[in-house]
Amino acid sequence: TDIGLDDDFFSIGGTLQDAQRLVGKIEEHLHKQIDVSSVVRNPTVSLLARKLRGLPSPNWSPVVPLQPKGDRPAIYCVAPFGGTVGPYFDLARALGDDQPFYGLQIPGLEPGQPSVATLEALSGFMIQHILDAHGVSPRILMGWSSGGLVAFEMAQQLRSRGEEVDLIFLLDTGFPDNELPDQDRIDRRAMEGLANLYQLPADFIATIPWQSSEDERLQYFWQQVREDGANVGIELEEVNTAYQFSKSQMHMLLEYSVQ
C-alpha cells in the first residue's frame, strides 16, 4: 500500500502497538530515540520527519483521527492533563468501526505549536480546528480528567452561539478549585503530573529537593527518568518542555471558572 507524506498513521489503521514497533525501527535504522507519544503527536511522515530533524511542525492539528470510519455522529475526546490522546486508543477501537472517534491534543508539547493561555481560549481553539478539519461543529464531546473541563467549556461556547450539543461525557473530571494560582502549588502539581507521565514510582515526588532551584529540580528529575530505563535516551530539553507544559496546564485549570 502506498502511504503519502501526509497520511495519518492512525487513520490508515496504525495502532499503539504498531507505533511502538515503528519507534524501534526508527532507532534501529536511523539511530534516533523517540517515544510513542512523539508518534501520537506527529502522526504523518512529514510531521515525524520534522520532529526527528528538530524542526517545528507548521501543519500540526490537534484533531487526531483515532478511528475515522463510520456514519454515526463523531465523538471528539479531549486529551487529559498529559496533553496526548494515547490513553484513548483502546476506547476508540472498542467502540467499533462504525463509530468515528477523534482525539483532541493539547498544543504546546512540540516546537512551533501555538501557546494558549486560558482554558476558554483553548476550547475555542479546539472548536475552530474541528471546523477546519471537518466543516461542522462537534455534537458529541468527551474528556477524561482535565480534558473534561475543556469539553465542558467547548459545549458552553457552542451553545452560546446557538449550536446544538447532543452529548457530553466527563470521565473522572473534578470541579475546578477557582483559587488564585500559587506558584509552589503549581510547581508541585506540575511535577506530579510529569512523574505520572513518565510512570515513575508514586513515592518519587517525596524525594525531589524542593528547596533547590527549578533547574536543579529538573536536572534531578531528568536523571531519575533516565535511570528508570524506559526513557534512557530522553533529552533534558524534552523533560523541560513537558514540565513547562504541565505548569501552563495547571495555571489554566486553577484560573478557570465555570459559568
How long is the span from the [atom1] atom in [X] to the [atom2] atom in [Y], to the nearest 0.5 Å?
X	Y	atom1	atom2	answer
Leu254	Leu119	CG	CG	11.0 Å
Asp8	Ile3	CG	CD1	11.0 Å
Glu227	Leu200	CD	CG	10.5 Å
Cys77	Leu104	SG	CG	7.5 Å
Gln249	Arg189	CD	CZ	12.0 Å
Tyr88	Ile75	OH	CD1	12.0 Å

Taking [Y]'s backbone N and O only, do any of them form a donor-acceptor pair with [X]'s side chain (distance below 3.5 Å, no angle check)?
X	Y	answer
Gln157	Glu120	yes
Tyr76	Gly143	no
Thr173	Trp144	no
Arg159	Val165	yes

(request) Output all residues satisfying salt bridge (Lys or Arg N to Asp or Glu O under 4.0 Å) with Glu216, sequence neighbours left out; order by chain, then residue number. (result)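 Glu216 satisfies salt bridge (Lys or Arg N to Asp or Glu O under 4.0 Å) with no other residue.
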(request) State which residues pass salt bridge (Lys or Arg N to Asp or Glu O under 4.0 Å) with Asp184; sequence neighbours excluded, sorted by chain then number. (result)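 Partners of Asp184 by the salt bridge (Lys or Arg N to Asp or Glu O under 4.0 Å) criterion come out as none, since no residue qualifies.
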(message) The criterion is side-chain hydrogen bond (donor to acceptor under 3.5 Å, both in side chains); which residues satisfy it with Gln67, sequence neighbours excluded?
(response)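 None.
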(request) Could you list the residues that satisfy side-chain hydrogen bond (donor to acceptor under 3.5 Å, both in side chains) with Asp215, not counting sequence neighbours? (result) none
(message) Does anything in residues 24-48 form a ring pair (Phe, Tyr, Trp, His ring centres under 6.0 Å)? List the pairs, not counting sequence neighbours.
(response) none
Closest non-hydrogen atom pair between [X] and [Y], with its separation:
X	Y	value
Gly83	Phe245	CA-CZ, 3.8 Å
Phe81	Gly193	CE2-CA, 4.0 Å
Leu149	Gly174	CD2-O, 3.9 Å
Val45	Gly4	CG2-O, 4.2 Å
Val39	Phe9	CG1-CD2, 4.4 Å
Lys32	Leu52	NZ-O, 3.6 Å

Please check if atom [atom1] in [X] has more than 12 non-hydrogen atoms from other residues, nucleotides or ligands closer than 6.0 Å.
X	atom1	result
Asp71	CG	no
Trp222	CH2	yes
Arg161	CZ	yes
Gln223	CD	yes
Gln211	CD	no

(message) Just so I know, are the side chains of Gln105 and Gln113 near enough to count as touching, which here means a heavy-atom distance under 4.5 Å?
(response)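 With C-beta onward as the side chain, the pair stays apart.
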(message) So if I apply the side chain to side chain contact (heavy atoms under 4.5 Å, CB included) rule between Met126 and each of Leu131, Leu141, Ile106, Val116, which one comes out positive?
(response) Ile106
(message) I'd like to know if the side chain of Asn196 pairs up with that of Glu192 as donor and acceptor (distance under 3.5 Å, no hydrogens or angles considered).
(response) no
(request) Please determine if Arg21 and Asp18 form a salt bridge, counting it only when a charged side-chain N lies under 4.0 Å from a carboxylate O. (result)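 Counted as a salt bridge, because a side-chain N and a carboxylate O are separated by less than 4.0 Å.
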(request) May I ask you to decide if the ring planes of Phe204 and Tyr220 are parallel, tilted or perpendicular, using 30° and 60° as cut-offs? (result)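 Rings of Phe204 and Tyr220: parallel, under 30°.
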(message) The criterion is side chain to side chain contact (heavy atoms under 4.5 Å, CB included); which residues satisfy it with Arg72, sequence neighbours excluded?
(response) Asp98, Gln99, Pro100
